[in-house]
S.K.: 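Got a structure here, written out as C-alpha cells. Questions coming.
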2 protein chains.
Amino acid sequence: MLDLRRLALLAEFARRGSIAATAQALGYSPSAVSQQLAALEREAGAALLDRTARSAELTDAGRRLARHADRILELVETAESDLSAHAGTPTGRVVVTAFPTGAVAFAPALARSLRRHPAMTLQLRQSPPGAGLRQVRAAEADIALVDDWTGHLPGREPDGLHYTPLLTDPLVLAVPRRHRLADPAVPVDLAALRDEPWMAAPRGEPSRAAVERLLAGVGATLPVPWEFEGLGTILSLVAKGIGIAALPLLTLATGDRGVVIRDLPAPALTRHIYAVARPSARARPSTAVTLQALRSAAQDLTSTLEPRRPRPPALP
Amino acid sequence: MLDLRRLALLAEFARRGSIAATAQALGYSPSAVSQQLAALEREAGAALLDRTARSAELTDAGRRLARHADRILELVETAESDLSAHAGTPTGRVVVTAFPTGAVAFAPALARSLRRHPAMTLQLRQSPPGAGLRQVRAAEADIALVDDWTGHLPGREPDGLHYTPLLTDPLVLAVPRRHRLADPAVPVDLAALRDEPWMAAPRGEPSRAAVERLLAGVGATLPVPWEFEGLGTILSLVAKGIGIAALPLLTLATGDRGVVIRDLPAPALTRHIYAVARPSARARPSTAVTLQALRSAAQDLTSTLEPRRPRPPALP
DNA sequence: GATCGAGCATCAGATCATCTTATGCCCAGC
DNA sequence: GCTGGGCATAAGATGATCTGATGCTCGATC
C-alpha cells in the first residue's frame, strides 16, 4: 500500500522540481527526501523519477502518480476538516434507559432541552430493575437512570461507570382529597392506617420493598395490598378514592392532582436517583449534552415537587 | 497526517464490527489492531471507538471517518491500477539527438517504426559534435546518436551511460559517374589523387579529421579542400562532377545516386555509431521501444548500403 | 456459584522504518 | 582549477510496528 507521507513528498516535488527544494519546503534533509522517494518507487513498482548528477525530474509514471496524489491528499484534508468541524457538535443517537417513573418524569423536560440539537436523536426506554446498569456496560444504552433505596450505589464506582447524582426522592403518603389525612393538621400514624385499603406495586419492585421496610420499622405489617403495575396507575386510583399508597414523590411529577401528599414519619425513606454512563460515552458531545439536560430536568422537578409536600404547623 | 494503513484498519473494523474479527481478516494480532486504532484516534484527535469490556463500536466520528476512509482507499487503488495499467505502455515524449547525417539517415525508419505507439511522441534533433553525450547526462535528451572514429568510446561506460552499438560505417571514396575511378577495375591510389579537386566538411568535424588522418597515413597531404557544411551537400556536388570526396558510407543512405562509391585502401577507416542513454531512461518503455527501433533501422541501413560498395575482381 | 470462552487493553521486547549527519560524485559556471 | 548546487549512499540514533504474554470484564452454561 502506498504511503500518504510519501505521496505528499511526490506532490511537492512535482510542484518544486528538485529534491533540495522539496526538502527545504517541507523541513527535511535532501537525503531523507531522496530515500523516501526511492522507497515510494519500490512501493509503486515503477520509476517515478529520472535522475542525473545534477537534477531529477518526474517520469511519465511519476507525473501520473503525482496527479493522483493531489486528489488523494485533498480527500484526506476533507476528512480531517470534517472531523474537526464536528468535534464539538452533539450528533447521532443517544440511548437513555430508565425505570418507569423516571422515564415519565424526565421525558418532557428532556425533549424540550434537547430540541436545540437537531443533529442528535434521543431514544428513551423503560427497563426493568437492574437492567439499566447492564445495558450501559454492554453499550446497549449510553445513559441509565437508576434508583437506589439503599444509599450504597455510589460505592460502585470501581466498576468504571460514572454516577451523576440527579435528585433525592422521598417516599410520601398519597391519600384521596376527601380522606381525613388530607388535612395537614392531622398527624400521620402508620399503625392506625393498617385497616386502610393499601395499594402497592408488585413484589420485586424497589418501591414495594421500600414500603415494606417502612412499615416493618413501626411494627406494622402491611395487609396484603392491592397490587397494580405502574405507580402512575396506583396514583390514579388513590385520586379516585379507592385507597391510599406510599409512593416516591417523583410519581407526582406528571400525576393526578386529585391526591394530597403527606410526609411519612421518621425514619424518612428516600431513594437517590443517578444518571450512569461509561466514561467513553460521556466524552461524546451528544452524551455530555444529554447528561446536562438530565441535571437541569432534575432541578426543575425538585422545584416543582417540593410545594406538593405541605408542612405540618410549626410546633409552639 | 492520517495514515492509510490505519484508515484501512478502521474501514475493516466498520465492516466486521469487532477488533478480533478485523485482526483475523487482515492477518494481525488483536493487540496490533487495538494499538493502531488507538494511534489513529490520537492522530485524528477524536474518539473513534466506544469500548466496553467485551466489545467495541464506532462512535459518530468513527463512522464518519470510516466513510471518508472508504473513499480515500478507493482513490489509492485507482492510482495503483493506473500505474500498473500503464507500466508497459510507451508514453510521453522521447528526445533523440544525433549528428546530422545520423539524423537524416535514421529519421524515415524511426518514424515508420514508432508510428505504432500513438501515446508517445518522438523529437529528433541535430546537435553539434560532443553535445549529444552532454545532453543525455543532463536529461535534456533521452538518447544520443554518437559517432566514434577512435574506437575508444565503449570504454566510457564508467560514466554510467549505456552504449548500444548500431552499425559500423566505413569511410569511402565518392567520385562522379564519369570519373575514371568509377570503373571498379581501376585501383584506387590516393597519392595519385592529390591534384584532384577535393571537397570536405569544415575543420572540427569528425569526418574531416578522419579524412586528414587517412591521407596522412599514405604520406599524402590533402590540398586545401573546398569546405562545405553538411556531407549531403558535398555528396550533391560530387554527383554534379565538381570534385571528389571521402565520406562515411552512411551519407549515401538518402543521398544522390549520381555518384560511384569505391573502397578506400587499407588501413580502413571506420566509425562506430552508438545509441547512448541513461539507465533510468532505458527503463522507460518509450525509450526502450525507441532503442529497439534504432537497432532495426541500423540493420536496414546496413542491408541497403552494402550493395553500394562494388568489389574489385578477385585476384587470380 | 464456578467455570469457560470471547473480546478488549496493556506491557515488554524484537524487528523494522525514518531521519540526520557525513561523505562522495558529477556537473556548470567562473 | 575552484566553487557551489544537487544528487546518492552509508552509518547510526531514535521512533514505530508488531508479536506474544498477561490481565480484566463480561455473558453463557452447568
S.K.: In whole Å, I'd like the distance from the CD atom of A/Glu57 to the C1' atom of D/dC7.
M.R.: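 Whole-Å distance recorded here is 14 Å.
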S.K.: Of the listed nucleotides (D/dC26, D/dC7, C/dC8), which one gets closest to any side-chain atom of B/Ala53?
M.R.: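 Ranking D/dC26, D/dC7, C/dC8 by closest atom to the B/Ala53 side chain puts D/dC26 first.
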S.K.: Output all residues satisfying side chain to side chain contact (heavy atoms under 4.5 Å, CB included) with B/Leu122, sequence neighbours left out; order by chain, then residue number.
M.R.: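 Here the qualifying residues are B/Val96, B/Leu110, B/Leu114, B/Thr290.
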S.K.: Starting at CD of A/Gln135 and ending at C1' of D/dT25, how long is that distance when rounded to a whole Å?
M.R.: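 After rounding, the reported distance stands at 18 Å.
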S.K.: A/Arg278 CZ to D/dC26 P: how many Å, rounded?
M.R.: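 Result: 11 Å.
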S.K.: What I want to check is whether the side chains of B/Gln35 and B/Ser31 have a donor and an acceptor closer together than 3.5 Å.
M.R.: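 Note: B/Gln35 and B/Ser31 side chains meet the donor-acceptor criterion.
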S.K.: Rounded to whole angstroms, how far apart are CD on A/Glu43 and C1' on C/dA17?
M.R.: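 A/Glu43 atom CD is separated from C/dA17 atom C1' by 12 Å.
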S.K.: Do the charged groups of B/Arg278 and B/Asp142 touch, with an N to O distance under 4.0 Å?
M.R.: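 Here B/Arg278 pairs with B/Asp142 in a salt bridge, since their nearest N and O are under 4.0 Å apart.
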S.K.: Can you give me the closest heavy-atom contact between A/Ala25 and A/Arg16, atom names plus distance?
M.R.: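 Reported closest heavy-atom pair: CB-NE, 3.3 Å.
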S.K.: Check whether any side-chain nitrogen or oxygen of A/Arg5 sits under 4.0 Å from OP1 or OP2 of C/dT18, and answer yes or no.
M.R.: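 Negative; the distance criterion is not met.
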S.K.: Mind listing the side-chain donor-acceptor pairs of residues 66-73 of chain A below 3.5 Å, one per line with the distance, residues two or more places apart or on another chain?
M.R.:
| from | atom 1 | to | atom 2 | distance (Å) |
| --- | --- | --- | --- | --- |
| A/His68 | NE2 | B/Asp82 | OD2 | 2.6 |

S.K.: Report the distance from atom CG of A/Leu9 to atom P of C/dA17, rounded to the nearest whole Å.
M.R.: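 A/Leu9 atom CG is separated from C/dA17 atom P by 17 Å.
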S.K.: Under the side-chain contact (heavy atoms from CB on, under 4.5 Å) test against B/Leu40, which residue among B/Asp3, B/Leu10, B/Leu49, B/Leu9 passes?
M.R.: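 So, applying the side-chain contact (heavy atoms from CB on, under 4.5 Å) to B/Leu40 and each of B/Asp3, B/Leu10, B/Leu49, B/Leu9, only B/Leu10 qualifies.
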S.K.: Please write out the pairs of protein N or O atoms and N or O atoms of nucleotides 27-30 of chain D separated by less than 3.5 Å, giving the distance to one decimal.
M.R.:
none

S.K.: Taking only N/O atoms, report every protein-nucleotides 20-23 of chain C pair under 3.5 Å with atom names and distance.
M.R.:
| from | atom 1 | to | atom 2 | distance (Å) |
| --- | --- | --- | --- | --- |
| C/dT20 | OP2 | A/Ser29 | N | 3.1 |
| C/dT20 | OP2 | A/Ser29 | OG | 3.1 |
| C/dT20 | O4 | A/Gln35 | NE2 | 3.2 |
| C/dT21 | O4 | A/Ser31 | OG | 2.8 |

S.K.: May I have the distance from A/Arg6 (atom CZ) to D/dA16 (atom P), rounded to whole angstrom?
M.R.: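 My rounded result for the distance is 15 Å.
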S.K.: Without decimals, in angstroms, what is the distance between A/Ile19 CD1 and D/dT9 P?
M.R.: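 So the two atoms are 10 Å apart, to the nearest Å.
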S.K.: So if I take every side-chain heavy atom of B/Ala20 and compare against C/dG7, D/dA16, D/dC7, which nucleotide ends up nearest?
M.R.: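 It is C/dG7.
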S.K.: Going from CG on B/Leu145 to CZ on B/Arg125, what distance comes out if it is rounded to the nearest 0.5 angstrom?
M.R.: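 These two atoms lie 13.0 Å from each other.
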S.K.: Could you list the residues that satisfy side chain to side chain contact (heavy atoms under 4.5 Å, CB included) with B/Glu80, not counting sequence neighbours?
M.R.: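 Counting only residues at least two positions away or on another chain, B/Glu80 forms a side chain to side chain contact (heavy atoms under 4.5 Å, CB included) with A/Leu2, B/Val76.
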S.K.: Round to a whole Å and report the spacing from CG of A/Leu26 to P of C/dT18.
M.R.: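 Checked: the CG to P distance equals 16 Å.
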S.K.: Taking only residues at least two apart or on different chains, which pairs with a member in residues 18-29 of chain A satisfy salt bridge (Lys or Arg N to Asp or Glu O under 4.0 Å)?
M.R.: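 Listed by first then second residue: nothing to list.
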